[in-house]
Amino acid sequence: MADNAKSITVSIVTPDGQVYENKTPMLIVRTINGELGILPNHIPVIASLAIDEVRIKQLESDQEDDEIAVNGGFVEFSNNVATIVADSAERQNDIDVARAENARKRAESRIREAQQKHDDAELARAQVALKRAVNRLRVAHR
Ligand code: ATP
């Protein structure tokens, strides 16, 4: 490992290909156990991610953070390279807000129906779909 590196390389990949690659002085992810900030020279980490945003600080401090909506998956960090592997991930500007709104409404009506039918498996699926939609809306509207 290079001593005292000033940046880390972040790569976000999905089954559709690479969504993001950049160098950053700090990466912030939400793991299933809580928020994790990764700075250069951090010890190796592997962690499961929540359906949430990944925030990537810019090397130029006057520039806004990059925000990516990530649908679960995991992060692996070693030797100043962070790789995030997720089922899907969208950069803030690539999020289709109307589509996410429709997905949110669809998920909410599925949740109501599943509750009426006491269908726990469908309820759990619909709740995850709702999380994906709400996460996209939150990241897009920032
Ligand atoms: P939908 O019901 O709208 O398809 P979903 O949550 O079921 O939403 P996913 O299965 O997570 O969608 O993703 C399928 C593909 O569509 C992925 O490539 C994902 O990045 C993309 N995608 C899903 N929703 C959006 C959105 N609102 N804007 C941009 N891309 C999206």
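Counting convention: from 1, in listed order, for ligands and their atoms alike. Keep in mind that this is a model prediction, so the values were computed, not measured.
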**Q** Can you check whether R30 reaches V70 side chain to side chain, under 4.5 Å on heavy atoms?
**A** no
**Q** Is a salt bridge present between E108 and K105, judged by a nitrogen-to-oxygen distance below 4.0 Å?
**A**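 Here E108 does not pair with K105 in a salt bridge, since their nearest N and O are not under 4.0 Å apart.
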**Q** Which is it for D16 and ligand 1 at heavy atoms under 4.0 Å: side chain, backbone, both or neither?
**A** side chain
**Q** Which residue and atom name correspond to the protein heavy atom nearest atom 8 (O) of ligand 1, and how close is it?
**A** R136 NH1, 3.7 Å
**Q** Starting from atom 17 (C) of ligand 1, find the nearest protein heavy-atom neighbour and note its residue, name and distance.
**A** S88 CB, 3.8 Å
**Q** To the nearest 0.1 Å, how far is atom 16 (O) of ligand 1 from its closest protein heavy atom, and which atom is that?
**A**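 Its nearest protein heavy-atom neighbour is R99 NH2, 2.9 Å.
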**Q** Under 4.0 Å from atom 10 (O) of ligand 1, is there any protein heavy atom?
**A**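 When distances to the protein are checked, atom 10 (O) of ligand 1 has no heavy atom within 4.0 Å.
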**Q** Would you say that T9 contacts N80 through its side chain, given a criterion of any heavy-atom pair below 4.5 Å between the two side chains?
**A** no
**Q** Can you see whether Q58 engages D66 through a side-chain donor-acceptor pair at a distance of less than 3.5 angstrom?
**A** yes
**Q** Can you tell me which residue and heavy atom of the protein come closest to atom 28 (N) of ligand 1, and the distance to 0.1 Å?
**A**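 Atom 28 (N) of ligand 1 sits closest to the protein heavy atom D96 N, 2.8 Å.
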**Q** Among protein heavy atoms, which lies nearest atom 19 (C) of ligand 1, and at what distance?
**A**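 The closest one turns out to be E90 OE2, 3.2 Å.
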**Q** So which heavy atom in the protein is nearest atom 6 (O) of ligand 1, and how far is it from that ligand atom?
**A** R132 NE, 2.6 Å
**Q** In this structure, would I51 and I68 fall into the same cluster of hydrophobic residues linked by side-chain contacts under 4.5 Å?
**A**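 No, it is not one cluster - the side chains of I51 and I68 are not joined through contacts under 4.5 Å.
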